[in-house]
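Here the structure is laid out as structure tokens; the discussion comes afterwards.
A, B, ... follow the sequence lines: proteins, then strands. Residue 1 opens every chain. Both backbone and side-chain heavy atoms feed into the values below; hydrogens, waters and symmetry mates do not. Just so it is clear, the structure is predicted and the values come from calculations on it, not from any experiment.
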Number of protein chains: 2
Amino acid sequence: MPASTGRPAAPEVIWTRPERAARGPRPAHNRAEIAAAAVRIADAEGIDAVSMRRVAAEVGAGTMSLYNYVPRKEDLHELMVDAVTGEYELPEEPSGDWRADLLALARASRDLLRRHPWVPRLYTSVHGFSPNGLRYLEHCLAALEGLDEDDATKMELLAVVHGAVMTYVGNEVATQERSRALPWTPLEEQAARMAYLTDRVGGGAYPRLAAALANAGPAVDLDAYFERTIGRILDAYGRGGPREDRGGDA
Amino acid sequence: MPASTGRPAAPEVIWTRPERAARGPRPAHNRAEIAAAAVRIADAEGIDAVSMRRVAAEVGAGTMSLYNYVPRKEDLHELMVDAVTGEYELPEEPSGDWRADLLALARASRDLLRRHPWVPRLYTSVHGFSPNGLRYLEHCLAALEGLDEDDATKMELLAVVHGAVMTYVGNEVATQERSRALPWTPLEEQAARMAYLTDRVGGGAYPRLAAALANAGPAVDLDAYFERTIGRILDAYGRGGPREDRGGDA
DNA sequence: CCCCACTACGTACGCCGTACGTAACTACCA
DNA sequence: TGGTAGTTACGTACGGCGTACGTAGTGGGG
């Protein structure tokens, strides 16, 4: 009887599949090695360069051997996101100042996304409850211990902050990631798009947008922008927290 | 001299390329028709079913003829997003209550994303300043006329709200969109993932997460969740606006 | 009126994900 | 201890993808 590639016929989360089977020859590779190889390729050449063939070659295996470790390409993506999620250096205990801790976490997320600009494109197709994802989430909840809100609201806050970080860095990094195989540089593309935008907006059809663009000026400090935005969101939940005792109403 | 497919060697925004050339035969199709066909396919069969061949067949053209209208597949995606952005039914004038207007816009975005669940996956690879995108943005700025903040902050607010909507509906719709070619239903997959999650979290390694999941209970009202979240974000900017006159500090 | 830019599109190339078959290997059970 | 069943490794092959390129035909501006 043929072995088949072992792809599931019923829904299955990759993390429940045992890494190593009880019987049979000792596998020559493992998930961590494969995920690391895929991340290396994505960092260097973009997510589109990550194909089953390419990753297999990178770890020195035959293409189809990869399917013994990763049932579908989508699961490889899940492995990749989990691998980079493991890069968070989470302290043993939160500091007690939830606002400062969450801001630090947001900054860490921003830096991580800048290091791995392909993550946003994967994020809508990955579930997010990988082992390292759970660890990260648990730490976030620990950091929010001092916030006087119910659990649902805390989760909500985390989702909003996470979404905002993803949106900002995603936009920042999209051009760079998108134009990887194009015959021009991201800067040239940016310039062309800006030229189009000012031309289109200059027509007078979008007066408010024109004014906003004119006011924005040429150089925006992206990092300051980031801090302000995250700060606003944090202020929307548990106004002040331990940082600045209350403002007005409960 | 051969005509070539006319793909650009310098950066070019699709919207600057004239829809119809001055010379030559009358084209048999147009961008709107092509975009509509692609949207139809994506709605019915998922974004992965949208290939150049498939879209060309849908409009009744040869595969390579499509390249006369759309230089790269990525531009087809831009056309698609612009097409659905045109579905917003924007009133001539905002109501004067910026908070209510923005909430309504957020609801409209949510409904639009539910109708076209493939949009979030495209969003990180699309620039967003398409004609209908500009129209939408101009309307948002008009709605914010009554908000006492500078233009940069208004843009910031719009980005955060937009990001939150995208995050929420994106998550809601991801499973459904992802599992389109899988041999099991989204519900079965959801169940499998939930089983994994409760099993993993039950181990005691993630006490706070376990508590949060237990508190959340089985049925969360997603729409109420949505309203609360957007409301919080709006409150973070220009506290109250015309809705409820101030709370405490400026 | 004619020329040439433009449209239409068939063919072909090098990728992709992955189904399937075969051979070698090893842990367990009789 | 020998057999066997389950596993790993991986070559081959299929259908589909984006799209480069070449050719034939069309119709508006000089």
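By the side-chain hydrogen bond (donor to acceptor under 3.5 Å, both in side chains) test, B:Glu58 pairs with B:Arg40, B:Arg54, sequence neighbours left out. Under the side chain to side chain contact (heavy atoms under 4.5 Å, CB included) criterion, A:Ala164 pairs with A:Ile230, A:Ile233, sequence neighbours left out. Qualifying side-chain hydrogen bond (donor to acceptor under 3.5 Å, both in side chains) partners for B:Glu74, counting only residues two or more places apart in sequence or in other chains: none. Under the side chain to side chain contact (heavy atoms under 4.5 Å, CB included) criterion, A:Pro117 pairs with A:Val173, A:Gln176, A:Glu177, A:Arg180, sequence neighbours left out. In terms of the side chain to side chain contact (heavy atoms under 4.5 Å, CB included) criterion, A:Ala205 has no residue partners (sequence neighbours excluded). Remark: A:Tyr69 engages no residue in a ring-ring contact (aromatic ring centres under 6.0 Å, His included) (not counting sequence neighbours). For A:Arg23, the side chain to side chain contact (heavy atoms under 4.5 Å, CB included) criterion is met by no residue, not counting sequence neighbours.
Checking B:Glu74 against A:Gly60, the closest nucleotide of DNA chain D that is more toward the 5' end is the one next to A:Gly60.
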Residues 82-90 of chain B, side-chain donor-acceptor partners within the protein, below 3.5 Å, at least two apart:
{"residue": "B:Asp82", "atom": "OD1", "partner": "B:Ser130", "partner atom": "OG", "Å": "2.6"}
{"residue": "B:Asp82", "atom": "OD1", "partner": "B:Asn132", "partner atom": "N", "Å": "2.8"}
{"residue": "B:Asp82", "atom": "OD2", "partner": "B:Asn132", "partner atom": "ND2", "Å": "3.4"}
{"residue": "B:Thr85", "atom": "OG1", "partner": "B:Val81", "partner atom": "O", "Å": "2.6"}
{"residue": "B:Glu87", "atom": "OE1", "partner": "B:Arg115", "partner atom": "NH1", "Å": "2.7"}
{"residue": "B:Glu87", "atom": "OE1", "partner": "B:His116", "partner atom": "NE2", "Å": "3.0"}
{"residue": "B:Glu87", "atom": "OE2", "partner": "B:His116", "partner atom": "NE2", "Å": "2.8"}
{"residue": "B:Tyr88", "atom": "OH", "partner": "B:Ser109", "partner atom": "OG", "Å": "2.7"}

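Counting non-hydrogen atoms of neighbouring residues, nucleotides and ligands closer than 6.0 angstrom, the CZ atom of B:Arg26 reaches no more than 12 such neighbours.
Between C:dT7, D:dT8, C:dC20, one nucleotide has an atom nearer to the side chain of B:Tyr69 than all others, and that is C:dT7.
Within residues 30-41 of chain A, no residue has any heavy atom closer than 4.0 Å to DNA chain C.
Nucleotide C:dC15 holds its P atom 13 Å from the CD atom of A:Glu45, rounded to whole Å. Here the P atom of nucleotide D:dG22 and the CE atom of B:Met64 are 13 Å apart, to the nearest Å. Taking atom CG of A:Asp75 as the reference point, atom C1' of C:dG17 lies 13 Å away to the nearest angstrom.
The salt bridge (charged side-chain N to carboxylate O under 4.0 Å, His left out) contacts involving residues 116-133 of chain B comprise B:Asp48-B:Arg121, where partners must be two or more places apart or lie in separate chains.
The cationic group of B:Arg107 does not satisfy the cation-pi geometry with B:Phe226, failing either the under 6.0 Å distance to the six-membered ring centre or the 45° limit from the ring axis.
Using a 4.0 Å heavy-atom criterion, one finds that A:Ala28 contacts the sugar-phosphate atoms exclusively.
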Dump the pairs, protein N or O against N or O of nucleotides 26-30 of chain C, anything under 3.5 Å, distances to one decimal.
none

Between the protein and nucleotides 16-18 of chain D, which nitrogen or oxygen pairs are less than 3.5 angstrom apart?
{"residue": "D:dC17", "atom": "OP1", "partner": "B:Ser51", "partner atom": "OG", "Å": "3.0"}
{"residue": "D:dG18", "atom": "OP1", "partner": "B:Lys73", "partner atom": "NZ", "Å": "2.8"}
{"residue": "D:dG18", "atom": "OP2", "partner": "B:Met52", "partner atom": "N", "Å": "3.0"}
{"residue": "D:dG18", "atom": "N7", "partner": "B:Arg53", "partner atom": "NH2", "Å": "2.5"}
{"residue": "D:dG18", "atom": "O6", "partner": "B:Arg53", "partner atom": "NH2", "Å": "2.7"}

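Side-chain nitrogen and oxygen atoms of B:Ser65 include at least one within less than 4.0 Å of the OP1 or OP2 phosphate oxygen of C:dC9.
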